[in-house]
Amino acid sequence: MRWGRRGATAAAAPPLPRTAVELRDVTHAYGERTVLAGVSLTLTEARIGVIGANGSGKSTFARLLNGLVVPTAGTVLVDGLDTRTQVREVRRRVGFVFQDPDAQIVHPTVAEDVAFGLTNQGVPADEIARRVDEVLVQYGLDGHRDHPAHLLSGGQKQLLAIAGVLVMEPQRVVFDEPTTLLDLGNTRRVARVVDGLEQDVVVVTHHLDLLAAFDRVLVFEDGRVAADGTPAETVPWYVARCG
Ligand SMILES: Nc1ncnc2c1ncn2[C@@H]1O[C@H](COP(=O)(O)OP(=O)(O)OP(=O)(O)O)[C@@H](O)[C@H]1O
Ligand SMILES: [Mg+2]
């Protein structure tokens, strides 16, 4: 069970344009409390993992990447677009999948939920119908298209949340602990989906074994990047730090 590089499905389609995310001396505080400090990074790799202890700043970092959180100081640029001032364009490039799919699922039926973002973007109705159908088939949810979204199982909800992001065709997808609430079977299923994505990804996770084939792993510690390298370099270092 590993999340690797882009899957074989990418071979047939033209490659997606790559998205580079740059953080320049980023600090973030919630009120008086600084939870990220002095983070400068350029993210270009296809598969980037983010690990670290609870409260080390991973989710805050992940949310900075598509403007869900804007930095208190410093700048986050997505292909040169500033998340502080160009958030709409940024979110077209970078999608975000929450840990808890209930936070992301807002519409009564499965198909309506997936269509939501496209409707918001003013995509024509026939194109919405086509793209929604495509993505539901892709994630094994076509048999549920008119079912109430809240009655899906945990794993199906997570797949629905992923489908709702991917239907928007972002170039990079940020996942904040996509498997934490799932059982082993659904963890594997979601892992396979992530593995097969043509899109570049950033995955925050406590499931370290899933990152073995990633290009790069960032280790957060007390709001800073304490290690940055290949999984072979960073994961054992992090495990040793955990004692
Ligand atoms: N909305 C918020 N308001 C105030 N403090 C927050 C908020 N969100 C996070 N924090 C604080 O910021 C710090 C970093 O939180 P963050 O959620 O980024 O950590 P994390 O590494 O994702 O942790 P976990 O592994 O538990 O998900 C924590 O101390 C947390 O309490
Ligand atoms: Mg978190």
Side-chain angles (χ1 to χ4, degrees), residues 3 21-41 43 47-76 78 83-84 87 90-91 94-106 154-155 157-158 161-162 164-165 170 172-184 186-187 190-191 193-194 200-212 214 216-229 231 233-243:
W3 289 337
V21 183
E22 190 185 348
L23 288 88
R24 291 188 186 158
D25 203 13
V26 165
T27 292
H28 190 70
Y30 294 108
E32 298 283 286
R33 184 135 183 265
T34 299
V35 299
L36 278 183
V39 179
S40 292
L41 292 168
L43 307 176
R47 294 288 182 265
I48 300 173
V50 178
I51 60 178
N54 294 132
S56 57
K58 304 181 300 298
S59 292
T60 305
F61 169 76
R63 286 166 185 239
L64 284 163
L65 305 181
N66 84 332
L68 281 168
V69 164
V70 293
T72 316
T75 308
V76 180
V78 173
T83 60
R84 195 177 273 118
V87 73
V90 163
R91 292 205 184 146
V94 182
F96 193 97
V97 177
F98 290 86
Q99 173 179 353
D100 179 1
D102 285 325
Q104 198 141 3
I105 295 170
V106 289
K157 281 187 188 173
Q158 191 55 279
I162 293 172
V165 170
R172 187 178 282 279
V173 184
V174 180
F175 293 89
D176 191 359
E177 298 196 36
T179 56
T180 297
L181 301 175
L182 303 180
D183 64 28
L184 183 59
N186 279 317
T187 295
V190 168
V193 166
V194 174
D200 294 341
V201 303
V202 174
V203 180
V204 179
T205 188
H206 294 290
H207 290 165
L208 305 179
D209 52 330
L210 301 178
L211 303 178
F214 271 36
R216 180 177 182 186
V217 175
L218 309 172
V219 186
F220 278 79
E221 216 173 69
D222 297 331
R224 293 179 184 274
V225 179
D228 177 356
E233 292 162 346
T234 52
V235 172
W237 183 86
Y238 170 61
V239 171
R241 299 279 284 187
C242 292

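Order of appearance sets the numbers: ligands from 1, and atoms from 1 within every ligand.
- For atom 30 (C) of ligand 1, the closest heavy atom belonging to the protein is R33 NH1, 4.1 Å.
- Residue contacts with ligand 1, taken as heavy atom pairs separated by less than 4.0 Å, involve A53 solely via the backbone atoms N, CA, C and O.
- Checked by atom type and distance alone, the side chain of Q158 never pairs as donor or acceptor with a backbone atom of V190 at under 3.5 Å.
- Of the heavy atoms in Q99, none comes closer than 4.0 Å to ligand 1.
- The nearest protein atom to atom 25 (O) of ligand 1, hydrogens excluded, is given as K58 NZ, 2.7 Å; this is a heavy-atom distance.
- Judged by distance alone, the side chains of T72 and Y30 never bring a donor and an acceptor atom under 3.5 Å apart.
- Checked against a 3.5 angstrom limit, the closest N/O atoms of G57 and ligand 1 fall inside it.
- For atom 6 (C) of ligand 1, the nearest non-hydrogen atom of the protein is Y30 CD1, 3.2 Å.
- Of all protein heavy atoms, the one closest to atom 16 (P) of ligand 1 is T60 OG1, 3.7 Å.
- By heavy-atom distance, the residue among S59, G223, S56 lying nearest atom 17 (O) of ligand 1 is S59.
- Checking L41, V39, V202, V204 one by one against L218, the side chain to side chain contact (heavy atoms under 4.5 Å, CB included) holds for a single residue, L41.
- Regarding atom 27 (O) of ligand 1, its nearest protein heavy-atom neighbour is E177 OE2, 3.4 Å.
- Using a 4.0 angstrom heavy-atom cutoff, R63 does not count as in contact with ligand 1.
- Between E221 and R241, at least one side-chain N (NZ, or NE/NH1/NH2) sits under 4.0 Å from a carboxylate O, which counts as a salt bridge.
- Looking only at protein heavy atoms, the nearest one to atom 13 (C) of ligand 1 is V35 CG1, 3.4 Å.
- Among the atoms of Q99, no N, O or S atom falls under 2.8 Å of the Mg ion (ligand 2).
- Nearest-heavy-atom check against atom 14 (C) of ligand 1 across A62, G55, G31 picks out G55.
- Using a 4.0 Å cut-off between heavy atoms, N54 contacts ligand 1 through both its backbone and its side chain.
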